[in-house]
Protein chains: 2
Amino acid sequence: MNLINRVAIVGGSHGNELIGVFLVKKFQKNVNLIIRSSFQTLSVLGNLKAIQENKRYIDKDLNRCFHAYGLQDNSPSTYEDLRAKEIHQILHPNNQTGVDAIIDLHTTTSNMGISIILSNQHPFLLNLGAYLSTINPLVKICVHEQPKFSGFLRSICNFGIVVEVGAVPQGVLHAELFQQTEQVVYAILDYFQASNQGKTPKTSNILTAYQSINIVDYPRNEVGEIAAMIHPQLQYQDYQPLHPGEPMFVTFNGENIIYKGESTVYPIFINEAAYYEKGIAMHFTQKQEIHL
Amino acid sequence: MNLINRVAIVGGSHGNELIGVFLVKKFQKNVNLIIRSSFQTLSVLGNLKAIQENKRYIDKDLNRCFHAYGLQDNSPSTYEDLRAKEIHQILHPNNQTGVDAIIDLHTTTSNMGISIILSNQHPFLLNLGAYLSTINPLVKICVHEQPKFSGFLRSICNFGIVVEVGAVPQGVLHAELFQQTEQVVYAILDYFQASNQGKTPKTSNILTAYQSINIVDYPRNEVGEIAAMIHPQLQYQDYQPLHPGEPMFVTFNGENIIYKGESTVYPIFINEAAYYEKGIAMHFTQKQEIHL
């Protein structure tokens with residue numbers, strides 16, 4: 001029995017992350033690129049209005065709108081609540097089998113290279129992560145476990161996969177990262193196809209994965225305004241170890257603020273533009289060796 | 001007689017270019033940093049509403065609103081037309097002497113390092129450019145001549161100076177570029193002070209300057225949509241020579257589009273996010289040696 005019968009590739013969940021937008025447009029014009037014989041593949045543009053306006057979102061972040069309660073709401077009050085319902089309906093039509101996997105295409109202003117964020121630790125996903133990092137050792141695998149229908153698009157199916165590439169500014173195309181994202185999408189589809197055909201690719205038995213442990217905000221002043229910047233020694237150092245006592249931030253007057261934790265962490269999403277308003281300067285992760 | 005009696009430092013003409021915004025806030029809290037004995041210095045936040053909303057602009061680009069006709073319009077129809085009039089009034093109050101120089105702080109997603117854009121070729125400005133590139137050889141000097149009141153903020157005074165730093169995404173603080181911008185501002189103020197005191201710093205007799213010659217748009221399809229990306233070989237190569245026959249763009253299908261001009265040019269503002277909507281993929285410049 002096939003594990004994967006239906007797959008969705010989504011670009012432009014954030015309207016100003018152009019690589020996903022233009023890649024999905026390419027797939028929609030050239031469907032043969034994403035057709036595999038053992039399953040059906042949809043390609044979907046996410047936040048249509050925000051794509052048109054070259055913004056992350058209109059009213060609120062679409063990628064936080066896939067909650068069970070929101071999707072059941074019959075009178076959504078924002079554009080994104082409405083669009084989340086529409087996308088859910090496309091991916092899980094009434095009385096039909098929904099998608100088994102979602103490949104959600106994102107970019108980040110952080111220096112995360114080619115990152116894959118897995119929605120859970122199902123062996124099928126972990127093995128996919130090992131496969132992707134075997135064929136391209138620069139690919140990094142993150143695990144950010146979320147319950148089903150937790151708000152994230154990737155949470156509304158069994159196998160949620162985010163392709164997160166950077167550093168690229170919002171509203172900018174970056175040819176090399178575009179091409180690398182495209183190759184990762186094909187590799188994922190090929191993995192699904194091989195798996196359905198009982199020929200799951202052999203990989204290393206050990207997966208290096210970065211597990212989200214917590215978020216860190218910027219230092220702020222008494223009125224909540226940012227009071228320090230990412231330290232130059234930490235800027236662009238996503239996935240590198242941050243040891244206790246090393247600088248994290250520098251104030252506008254040049255004073256260093258150090259990391260006071262007790263154990264080494266591996267920050268990611270360092271200085272992501274869209275996270276300023278969310279109160280996130282970076283995510284801390286732990287580096288793990290997972291035995292498959 | 002002093003050449004410089006009044007100077008304005010403006011940050012946030014574009015609301016999501018955070019380095020200028022936070023630097024002006026710093027100057028407003030610590031005015032001693034920008035006080036020089038021989039002239040008065042104002043520090044002004046540009047597009048207040050856009051800064052609050054972390055956008056480039058609300059209705060239209062403020063830095064194209066400083067036209068004589070707009071500034072004389074008694075019923076401005078957009079927020080930026082109104083704000084341009086307000087800024088003009090702050091910088092050139094009725095019946096008082098206006099500012100002689102404007103230092104307008106910007107960031108770009110292009111890899112332009114520390115760039116200084118001069119509004120004209122007055123010997124005083126060219127000598128300033130030579131001084132700044134002498135004390136920091138990484139500083140690049142551009143000349144983009146504009147008639148007075150041509151729409152740009154820098155065009156409403158005798159000595160218009162843009163500090164343009166990158167690569168930095170919109171909506172992002174970058175500590176190293178923040179500190180470098182700050183040092184350039186002090187160097188400009190110190191140059192004005194020395195000049196007023198008859199001690200204009202000695203510099204090299206030759207200034208290397210990049211003179212804007214024309215703009216280049218992205219290749220577009222029949223409905224005007226972008227059809228190719230900046231080529232990986234050109235990405236981040238601001239100020240480097242582009243020779244006839246070298247690749248400029250790559251289509252989404254991987255075909256190269258080459259530069260078909262007859263002479264070598266030096267592109268800047270390569271892949272600037274805010275210029276997609278203006279139909280600008282880059283500016284071509286000529287590299288010139290100006291004898292002072």
Side-chain angles (χ1 to χ4, degrees), chain A residues 16 18-19 21-27 29-30 33 53-56 107-111 166-180 182 218 221 225-236 247-254 256 270-277 281, chain B residues 16 18-19 21-27 29-30 33 53-56 107-111 166-180 182 218 221 225-236 247-254 256 270-277 281:
Chain A
N16 57 8
L18 299 191
I19 288 178
V21 173
F22 280 85
L23 208 40
V24 163
K25 286 183 180 178
K26 175 174 177 172
F27 295 150
K29 279 184 205 138
N30 308 274
L33 292 170
E53 297 192 19
N54 191 29
K55 286 175 171 177
R56 183 174 175 89
T107 66
T108 171
T109 65
S110 307
N111 188 27
V168 56
Q170 296 172 343
V172 163
L173 278 162
H174 185 293
E176 210 170 345
L177 290 171
F178 177 94
Q179 292 165 348
Q180 289 174 333
E182 187 178 2
Y218 293 90
N221 65 18
E225 207 171 48
I226 282 177
M229 306 171 276
I230 298 293
H231 194 279
Q233 283 183 39
L234 188 56
Q235 178 67 36
Y236 304 131
M248 291 180 71
F249 300 101
V250 57
T251 69
F252 299 114
N253 294 326
N256 288 348
I270 299 170
N271 215 350
E272 159 56 39
Y275 287 178
Y276 277 63
E277 67 177 14
Chain B
N16 56 8
L18 300 192
I19 288 178
V21 173
F22 281 85
L23 208 40
V24 163
K25 286 183 179 177
K26 174 173 178 173
F27 295 149
K29 278 184 206 137
N30 307 274
L33 293 170
E53 297 192 20
N54 191 26
K55 287 176 169 177
R56 183 174 175 89
T107 65
T108 171
T109 65
S110 307
N111 187 27
V168 56
Q170 296 171 343
V172 163
L173 278 164
H174 184 293
E176 209 170 347
L177 290 171
F178 177 95
Q179 292 166 347
Q180 289 174 333
E182 186 178 4
Y218 292 90
N221 66 15
E225 208 171 48
I226 282 177
M229 305 172 276
I230 298 294
H231 195 280
Q233 283 184 39
L234 189 56
Q235 178 67 36
Y236 304 130
M248 289 178 72
F249 299 102
V250 58
T251 69
F252 299 115
N253 294 325
N256 287 348
I270 299 170
N271 214 351
E272 159 55 39
Y275 287 179
Y276 277 62
E277 67 175 15

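Fair warning: this is a prediction, and the values are worked out from it, not measured in the lab. All chains are named by letter (A, B, ...) in the order of the sequence lines, taking the proteins before the strands, and each is independently numbered beginning at 1.
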**Q.** Selection from A:Phe249, A:Tyr218, A:Tyr236 maximising heavy-atom pairs under 4.5 Å formed with chain B
**A.** A:Tyr236

Q. A:Gln179 versus chain B, heavy atoms under 4.5 Å apart: side chain, backbone, both or neither?
A. side chain

Q) Once you round to the nearest 0.5 Å, how far does CD of B:Gln170 lie from CD of A:Gln170? A) 7.5 Å

Q | Considering all heavy atoms, the nearest A:Ala175-B:Met229 contact | A | CA-SD, 3.6 Å

(Q) Can you tell me which portion of B:Asn253 sits under 4.5 Å from chain A's heavy atoms? Options are side chain, backbone, both or neither. (A) both

Q. Quick one: what part of A:Leu177 sits under 4.5 Å from any heavy atom of chain B, side chain, backbone, both or neither?
A. neither

Q: Please state whether the side chain, the backbone, both or neither of B:Glu225 comes within less than 4.5 Å of a heavy atom of chain A.
A: side chain

Q) Given a strict heavy-atom distance threshold of 4.5 Å, which part of A:Tyr275 is in contact with chain B: side chain, backbone, both, or neither? A) neither

Q: Can you tell which part of A:Asn54 gets under 4.5 Å to a heavy atom of chain B, answering side chain, backbone, both or neither?
A: neither

Q | Approximate separation, where rounding is to 0.5 Å, of B:Phe252 CZ and A:Phe178 CZ | A | 5.5 Å

**Q.** Separation between OG1 of B:Thr251 and NZ of A:Lys26, rounded to the nearest 0.5 Å
**A.** 7.5 Å

Q: Heavy atoms only, distances under 4.5 angstrom: which of B:Asn30, B:Val250, B:Asn271 has the most pairs with chain A? Name it, please.
A: B:Asn271

Q) Which atom pair, heavy atoms only, marks the closest approach of A:Tyr276 to B:Leu18? A) CE2-CD1, 4.2 Å

(Q) Within this structure, what is the CG-NZ distance for the pair B:Asn221 and A:Lys25, rounded to the nearest 0.5 Å? (A) 8.5 Å

**Q.** Residue pair A:His174, B:Gln235: steps toward the side chain to side chain contact (heavy atoms under 4.5 Å, CB included) verdict
**A.** CA-CA 8 Å; A:His174 185 293; B:Gln235 178 67 36; 4.3 Å; yes

Q: Check each atom of A:Leu173 against the heavy atoms of chain B and say whether the ones under 4.5 Å are side chain, backbone, both or neither.
A: both

Q) For A:Ala274, is it the side chain, the backbone, both, or neither that has a heavy atom closer than 4.5 Å to a heavy atom of chain B? A) neither

Q: Side chain from CB out, backbone as N, CA, C, O: work out which of these in A:Val172 comes under 4.5 Å of a heavy atom of chain B, or both, or neither.
A: both

